[in-house]
Amino acid sequence: QVQLVESGGGSVQAGGSLRLSCVASGYTFKTSRMGWFRKAPGKEREGIAAIYTGGGSPVYGDSVKGRFTISQDNAKNTLYMQMNSLKPEDSAMYYCAADPVPLNGGSWYDERSYDYWGQGTQVTVSS
């Protein structure tokens with residue numbers, strides 16, 4: 001049974017930092033594609049970063065490039081997102097997503113490319 005459990009969200013002031021974690025279980029984490037998405041009220045879910053845990057360069061959406069860093073610890077089956085220089089517009093529910101067998105491609109920012117999702121963790125940035 002695949003499980004993704006996010007943590008690390010919270011409330012911060014603009015300019016602050018948070019680190020999100022996503023602990024994965026039930027599949028081979030180290031050969032998967034993992035993504036971070038977010039959804040703000042009234043907006044569609046947005047792909048913000050992704051990484052192949054078996055190696056390769058991470059990718060980022062324009063809205064977070066240069067401020068957020070995705071990483072993983074394969075020994076702990078954990079995905080991270082370091083978020084710096086947070087802005088009020090970063091406020092959203094953040095989700096990690098897993099594509100355990102990334103053979104069929106699909107765009108990293110397309111939620112249809114992922115088979116499993118966590119429950120989300122809320123990030124609120126005040127001005």
Side-chain angles (χ1 to χ4, degrees):
Q1 179 182 358
V2 174
Q3 281 194 315
L4 301 172
V5 181
E6 301 101 333
S7 62
S11 296
V12 295
Q13 291 191 327
S17 298
L18 285 172
R19 189 176 82 153
L20 306 183
S21 299
C22 170
V23 179
S25 60
Y27 69 99
T28 305
F29 178 82
K30 64 182 180 181
T31 57
S32 63
R33 176 168 58 175
M34 299 294 296
W36 282 104
F37 287 73
R38 67 185 181 186
K39 189 179 185 315
K43 296 186 178 180
E44 294 187 354
R45 188 151 54 181
E46 173 192 14
I48 56 174
I51 192 167
Y52 283 92
T53 56
S57 299
V59 290
Y60 298 94
D62 289 341
S63 61
V64 305
K65 197 174 296 182
R67 300 187 298 122
F68 290 11
T69 303
I70 188 172
S71 63
Q72 84 269 14
D73 185 334
N74 287 350
K76 295 182 178 180
N77 285 357
T78 301
L79 181 74
Y80 300 101
M81 177 70 89
Q82 177 66 43
M83 306 188 298
N84 298 329
S85 302
L86 284 161
K87 305 175 182 180
E89 52 264 42
D90 293 319
S91 297
M93 185 71 80
Y94 283 71
Y95 301 89
C96 68
D99 177 12
V101 187
L103 299 179
N104 295 324
S107 299
W108 70 266
Y109 51 83
D110 187 341
E111 60 184 65
R112 295 171 297 180
S113 299
Y114 300 86
D115 297 312
Y116 300 98
W117 296 80
Q119 83 288 350
T121 186
Q122 179 68 41
V123 172
T124 302
V125 185
S126 58
S127 59

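Here the structure is a predicted model, which is why all the values come from computation and not from measurement.
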If I compare all heavy atoms of [X] with all of [Y], which pair ends up nearest, and what's the gap?
{"X": "S127", "Y": "A14", "answer": "CA-CB, 4.3 Å"}
{"X": "S63", "Y": "I48", "answer": "OG-CG2, 4.5 Å"}
{"X": "A40", "Y": "S91", "answer": "CB-O, 3.7 Å"}
{"X": "G35", "Y": "L79", "answer": "O-CD2, 4.1 Å"}
{"X": "L18", "Y": "L86", "answer": "N-CD1, 3.9 Å"}
{"X": "R38", "Y": "A92", "answer": "CB-CB, 3.9 Å"}

Is it the case that one hydrophobic cluster holds both [X] and [Y], taking links as side-chain heavy atoms less than 4.5 Å apart, direct or via other members?
{"X": "W108", "Y": "I70", "result": "no"}
{"X": "M83", "Y": "M34", "result": "yes"}
{"X": "V64", "Y": "V123", "result": "yes"}
{"X": "L20", "Y": "M93", "result": "no"}
{"X": "L4", "Y": "F29", "result": "yes"}

Return yes if some donor-acceptor pair links the side-chain N/O of [X] with the main-chain N/O of [Y] below 3.5 Å, else return no.
{"X": "Q119", "Y": "V5", "value": "no"}
{"X": "Y114", "Y": "C96", "value": "no"}
{"X": "S32", "Y": "A98", "value": "no"}
{"X": "T31", "Y": "G54", "value": "no"}
{"X": "T121", "Y": "Y94", "value": "no"}

Which pairs count as side chain to side chain donor-acceptor pair (under 3.5 Å) when at least one residue sits in residues 64-76, sequence neighbours excluded?
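Non-adjacent pairs meeting side chain to side chain donor-acceptor pair (under 3.5 Å): D62-K65, R67-D90.
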
Qualifying side chain to side chain donor-acceptor pair (under 3.5 Å) pairs with a residue from residues 13-30, counting only residues at least two apart or across chains:
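Applying side chain to side chain donor-acceptor pair (under 3.5 Å) to every pair that reaches into residues 13-30, excluding sequence neighbours, yields S17-N84.
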
Applying side-chain hydrogen bond (donor to acceptor under 3.5 Å, both in side chains), name anything that partners Y95, two or more places apart in sequence or on another chain.
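side-chain hydrogen bond (donor to acceptor under 3.5 Å, both in side chains) check on Y95 returns nothing, list empty.
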
C22 side, atom SG; Q3 side, atom CD - distance, nearest 0.5 Å:
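Output value for this atom pair is 11.0 Å.
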
Rounded to the nearest 0.5 Å, how far does OH of Y60 lie from CE of M81?
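So the gap between those two atoms works out to 7.0 Å.
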
Does Y109, at its OH atom, have more than 12 non-hydrogen atoms belonging to other residues, nucleotides or ligands within less than 6.0 Å?
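For Y109, atom OH is not crowded (no more than 12 foreign heavy atoms under 6.0 Å).
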
Quick one: are the ring centres of F68 and W36 less than 6.0 Å apart?
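No - the distance between ring centres of F68 and W36 does not fall below the 6.0 Å cut-off.
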
